[in-house]
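This report concerns only the one structure given below.
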Amino acid sequence: MTSEKMRTRFAPSPTGYLHIGGARTALFNWLYTRKHEGTFILRIEDTDQARSTEESTKAILDAMSWLGLCWDEGPYFQADRVKIHQEMVEKLIDEGKAYYCTCQPEELEAKRKQALAQGRKPKYDRTCCERGLAKSADSVVRFRCPDVGATVLRDLIKGNISFNNEELDDLIIERADGYPTYNFAVVVDDALMGITHVIRGDDHVNNTPKQIHLYEALGYEVPLFGHVPMILGADKARLSKRHGATSVMAYKDMGYLPEAIINYLVRLGWSHGDQEIFSMEELIGMFSLEAVGKSAAVFNPDKLLWLNQHYIMSYEEERLIETMLPFWRERGFDTSDHRFIRKITADLRPRAKTLVEMADSGTFYFREDVAYDPAAAAQFLTPEYAGHLEAVRDGLPGLADYTKDGVEAFLRALADQRGTKLKWIAQTLRVAITGKTVSPGIDEVMVTIGKESALRRIERAIAASRQG
RNA sequence: GGUCCCAUCGUCUAGUGGUUAGGACGCUGGCCUCUCACGCCGGAAGCCGGGGUUCAACUCCCCGUGGGACUACCA
């Protein structure tokens with residue numbers, strides 16, 4: 001087992017977008033496989049014909065790609081493999097390891113309720129087990145699951161887990177419509193695709209003993225399992241829509257960087273001493289299932305935000321500019337002047353937690369007729385401060401060194417000259433130029449927009465100030 | 001109900017019998033400062049409870065309690 005090449009898989013069902021929890025499972029699979037130079041397979045589990053959609057498949061693929069979780073094989077579609085599944089079902093029937101069952105869902109449900117009410121186990125009573133039924137229109141196939149002894153799952157993350165086989169059920173492996181059920185299809189496909197390590201959410205732990213029996217009944221080698229803990233919402237309930245965005249692509253739209261998502265997700269359940277920031281390369285080198293914790297983790301949006309801010313600040317410049325373009329464009333701004341965009345990005349990036357925040361806070365760069373924030377205007381665009389603006393207007397044209405340092409020196413000198421502090425002139429200018437009391441350093445802003453634009457904005461603000 | 005899993009600051013976690021229980025997010029006091037953010041310095045905040053085992057338990061065992069998962073012709 002150790003000498004042969006590792007093969008892993010991520011097997012989402014296309015019944016919705018790729019959510020945070022699935023993304024982490026995929027990430028752990030991916031990292032583990034990269035680290036051990038194995039093969040990572042993507043398989044779409046679409047045997048539920050009623051709920052699976054092509055849009056979902058596409059959405060999942062897009063999200064995987066955006067996160068950089070490339071797959072080496074696939075995507076395979078489980079629904080394309082039903083013939084194989086059916087052959088395997090027949091094989092089990094021929095060998096007496098499975099049987100046809102004609103119990104109707106309604107009666108099964110009634111028995112289940114009754115058993116529960118009487119405090120008994122709601123497991124199938126094997127009504128059809130020895131009847132030797134043949135295939136019929138509404139028959140399903142059940143696996144004759146061992147009901148004595150115990151099954152031990154040697155989990156790579158959780159350790160050894162033992163199950164009494166009497167707890168197990170004669171599960172349905174083929175539905176009336178001829179499609180295999182999850183527990184059967186997953187075993188057949190994992191076995192036939194040569195999966196050596198099954199890394200998945202721990203909501204599958206209780207399915208695993210049944211699957212182990214299926215592997216054995218089919219004559220397959222049982223793979224290694226690693227069950228990763230769930231991700232919970234703030235109320236400790238399984239993460240869902242009501243906890244906010246759970247779709248990976250929703251985070252893209254909200255201005256998050258894939259590196260931040262990856263970094264956040266990997267630290268949810270996995271750790272490497274005190275280290276918080278990891279590059280993909282580091283992760284591939286350091287990742288191990290042994291270091292994955294056993295307990296569920298609560299999703300913390302604030303920490304994700306912090307990481308996003310970190311990656312915005314440390315991103316390679318051109319890459320950040322490129323990533324920002326859609327956000328500017330969707331706001332209708334002209335991004336053709338690359339030098340201008342680059343300066344704006346440099347001004348804004350140290351103070352944005354998301355790309356959306358960056359775009360929203362930088363609208364003033366693109367329009368000179370900024371809307372004045374009422375409170376800001378009330379305080380600074382007044383006759384009292386208009387003198388500062390007029391002094392800047394009068395002095396600025398003669399300023400030869402129109403750079404950040406040059407402008408700052410100019411403003412400081414002006415403050416001295418006028419017997420005031422720089423902060424009063426700077427804040428007045430900030431409101432005049434950006435319309436707000438919060439912005440990047442006013443010297444940086446003035447350099448970025450250029451002297452002419454700055455003068456026009458100041459002139460406009462003076463007019464507003466003199467009006468009262 | 002049954003089965004299985006889990007349990008260190010609010011949250012993510014380090015810790016593997018002897019530590020002043022460490023880090024991070026968030027919160028918070030201060031510094032820096034043209035605003036904001038960054039950065040720097042400091043603070044509050046934790047071993048679920050009870051029994052054992054041991055010279056010594058956050059750490060090992062048992063029992064509670066709490067949380068989660070599964071118990072489908074979903075995956």
Side-chain angles (χ1 to χ4, degrees), chain A residues 11-15 45-48 50-52 78 101 103-105 108-109 112 115-123 138-142 153 155 158-159 161-164 166-169 171-177 179-183 185-186 200-209 227 229-230 232 234 236-238 264 267-277 293-307 309-310 313 348-353 361 376 408 411-412 415 421-431 434 436-443:
Chain A
S13 63
T15 53
E45 310 230 318
D46 54 351
T47 51
D48 183 341
R51 298 199 306 152
S52 299
Q78 203 158 52
C101 169
C103 293
Q104 293 306 298
L108 255 20
E109 185 55 32
R112 217 188 327 268
L116 230 36
Q118 295 173 191
R120 289 183 291 114
K121 297 183 202 308
K123 64 186 273 189
D138 60 352
S139 66
V140 300
V141 179
R142 285 184 184 273
L153 160 60
D155 196 275
K158 303 254 183 189
I161 304 174
S162 178
F163 301 86
N164 281 320
E166 64 173 315
E167 302 296 336
L168 274 25
D169 212 349
L171 67 153
I172 292 173
I173 57 178
E174 187 178 288
R175 299 185 266 223
D177 65 4
Y179 276 83
T181 56
Y182 165 72
N183 280 300
V186 77
R200 70 215 321 187
D202 75 3
D203 46 339
H204 290 288
V205 167
N206 286 307
N207 289 324
T208 308
H227 287 96
M230 303 272 84
L232 275 23
K236 306 262 185 170
R238 195 173 176 157
Y264 179 70
R267 282 287 291 105
L268 221 47
W270 176 86
S271 61
H272 185 78
D274 284 341
Q275 190 169 343
E276 294 287 349
I277 307 292
K294 295 179 179 183
S295 52
V298 174
F299 185 79
N300 181 352
D302 282 335
K303 189 159 182 182
L304 207 208
L305 212 44
W306 171 72
L307 278 164
Q309 176 178 239
H310 167 84
M313 287 193 289
L348 255 20
R349 69 190 288 178
R351 35 183 63 81
K353 285 177 152 54
S361 67
E408 184 184 349
L411 293 177
R412 284 193 187 284
K421 289 180 177 175
L422 174 61
K423 62 185 293 188
W424 301 116
I425 292 182
Q427 276 303 76
T428 307
L429 261 181
R430 194 185 313 285
V431 175
T434 72
K436 304 174 294 182
T437 53
V438 173
S439 83
I442 196 61
D443 44 14

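Every chain is numbered from 1 and lettered A, B, ... according to where its sequence line falls, protein lines coming before strand lines.
- Ranking B:C38, B:A75, B:C25 by closeness to the A:Gln309 side chain, first place goes to B:C38.
- The partner of B:U33 cannot be assigned: no Watson-Crick or G-U wobble pair with both contacts below 3.5 Å exists in any strand.
- Heavy atoms of A:Thr437 sit under 4.0 angstrom from at least one base atom.
- Here A:Val298 lies in heavy-atom contact (under 4.0 Å) with sugar-phosphate atoms only.
- For B:C34, its base sits under 3.5 Å from the side chain of A:Asp443 at one donor and acceptor pair at least.
- Within the 4.0 angstrom heavy-atom criterion, no nucleotide atom of any strand lies near A:Asp177.
- Counting only heavy atoms from C-beta on, A:Asp274 has its side chain closest to B:A14 among B:A14, B:G2, B:C36.
- If you check every strand for non-hydrogen atoms under 4.0 Å, A:Cys101 touches nothing.
- Base-pair partner of B:U54: not found among the strands shown (Watson-Crick or G-U wobble, both distances under 3.5 Å).
- A:Ala297 comes within 4.0 angstrom of sugar-phosphate atoms only, judged by non-hydrogen atoms across all strands, and of no base.
- Taking all atoms of both residues into account, the shortest heavy-atom contact from A:Ile172 to A:Thr181 is O-OG1, 2.6 Å.
- When all heavy atoms of A:Gly201 and A:His227 are compared, the closest pair comes out as O-CD2, 3.4 Å.
- Note: CZ (A:Phe299) to P (B:U11) measures 16 Å, nearest angstrom.
- Atom-to-atom, CD1 of A:Ile172 to P of B:U71 comes out at 13 Å; the value is rounded to the nearest Å.
- For the OP1/OP2 pair of B:A72 and a distance below 4.0 Å, the side-chain nitrogens and oxygens of A:Arg112 include at least one atom meeting the criterion.
- Straight-line distance from the CG atom of A:Asp169 to the C1' atom of B:C4: 16 Å, rounded to whole Å.
- Between the CG atom of A:Leu268 and the C1' atom of B:A24 there is a distance of 13 Å, given to the nearest Å.
- Look at CZ on A:Arg412: it is 9 Å from P on B:U33, rounded to the nearest Å.
- Judged by distance alone, with hydrogens and angles left aside, the side-chain atoms of A:Gln275 form a donor-acceptor pair with the main-chain N or O of A:Ile277 at under 3.5 Å.
- When distances are taken from the side chain of A:Ser295 to each of B:C70, B:A7, B:C36, the shortest belongs to B:A7.
- Taking atom C1' in both B:G22 and B:A14, one finds a spacing of 6 Å when rounded to whole Å.
- In the model, A:Glu167 has no side-chain atom that pairs as donor or acceptor with a side-chain atom of A:Asn206 under 3.5 Å.
- Nearest approach of A:Glu166 to A:Lys123, heavy atoms of both residues: O-NZ, 2.7 Å.
- Taking every side-chain heavy atom of A:Ser271 into account, B:A14 is the closest of B:G10, B:A14, B:A75.
- Using atom P as the reference point in both B:C48 and B:G10, the two lie 11 Å apart (nearest Å).
- The residue among A:Gln78 and A:Tyr264 whose nearest nucleotide of RNA chain B lies closer to the 5′ end is A:Tyr264.
- Heavy atoms of A:Asp203 sit under 4.0 angstrom from primed sugar atoms or phosphate atoms, though from no base atom.
- Residue A:Gly269 is in sugar-phosphate contact alone, with no base atom involved, counting any heavy-atom pair closer than 4.0 Å across all strands shown.
- B:C38 is unpaired under the Watson-Crick or G-U wobble criterion, no partner having all donor-acceptor distances under 3.5 Å.
- Counting non-hydrogen atoms under 4.0 angstrom, A:Phe163 reaches the backbone sugars and phosphates but no base.
- In this structure, the side chain of A:Arg267 engages the main chain of A:Trp270 through a donor-acceptor pair within 3.5 Å.
- The base of B:C36 is paired with the side chain of A:Arg351 by a donor and an acceptor separated by under 3.5 Å.
- Among the atoms of the strands shown, none is found under 4.0 Å from any heavy atom of A:Arg120.
- To the nearest 0.5 Å, atom OH of residue A:Tyr179 and atom CG of residue A:Asp48 are 10.5 Å apart.
- Listed candidates were B:C73, B:C25, B:C34. Nearest to the side chain of A:Asp302 is B:C25.
- The two atoms that bring A:Ser52 and A:Asp46 nearest to each other are OG-CA, 3.4 Å, heavy atoms only.
- A:His204 comes within contact range of at least one nucleobase, with a heavy-atom separation under 4.0 Å.
- Taking the P atoms as reference points, B:A24 lies 15 Å from B:A44, given to the whole Å.
- Comparing B:C62 with B:U19, their P atoms sit 25 Å apart, to the nearest whole Å.
- If you take NZ of A:Lys236 and P of B:C48, they are 12 Å apart, rounded to a whole angstrom.
- Remark on RNA chain B: of its neighbouring residues A:Arg430 and A:Trp306, the 5'-side contact belongs to A:Trp306, judged by nearest-heavy-atom nucleotide.
- Using a 4.0 Å heavy-atom criterion, one finds that A:Ile161 contacts the sugar-phosphate atoms exclusively.
- A 3.5 Å limit on both hydrogen-bonding distances identifies no Watson-Crick or G-U partner for B:C73.
- Among the atoms of the strands shown, base atoms are found under 4.0 Å from some heavy atom of A:Asn207.
- With hydrogens and angles ignored, the 3.5 Å screen pairs a side-chain donor or acceptor of A:Thr434 with a backbone N or O of A:Lys436.
- If you check distances only, the side chain of A:Asn206 does reach the base of B:A69 with a donor-acceptor pair under 3.5 Å.
- Comparing B:A75 with B:U71, their C1' atoms sit 15 Å apart, to the nearest whole Å.
- Checked against B:G23, B:C73, B:U35, the side chain of A:Glu276 finds its nearest nucleotide in B:G23.
- Remark: the separation of the C1' atoms in B:U33 and B:A37 is 11 Å, to the nearest Å.
- Atom name C1', nucleotides B:C38 and B:C32: the rounded distance is 11 Å, in whole Å.
- Here B:A14 sits opposite no nucleotide as a Watson-Crick or G-U wobble pair (both hydrogen-bonding atom distances under 3.5 Å).
- Here the nucleotide nearest the side chain of A:Val205, chosen from B:C4, B:C73, B:C36, is B:C4.
- Distance A:Asp155 CG to B:A69 P: 18 Å, rounded to the nearest Å.
- In this structure, A:Lys123 places its NZ atom 19 Å from C1' of B:C73, rounding to the nearest Å.
- Picking from B:U71, B:A75, B:U13 the nucleotide with the shortest atom distance to the side chain of A:Pro122 gives B:U71.
- Closest to the side chain of A:Tyr182, out of B:A75, B:C73, B:C34, is B:A75.
- Residue A:Lys303 is in base contact, counting any heavy-atom pair closer than 4.0 Å across all strands shown.
- In this model, the phosphate group of B:A75 is approached by a side-chain N or O of A:Thr47 to a distance below 4.0 Å at OP1 or OP2.
- Residue A:Leu116 is in base contact, counting any heavy-atom pair closer than 4.0 Å across all strands shown.
- Atom P of B:C6 sits at a distance of 31 Å from the matching atom of B:G26, rounded to the whole Å.
- Using the six-membered ring where Trp is involved, A:Trp306 and A:His310 have ring planes that are tilted, between 30° and 60° apart.
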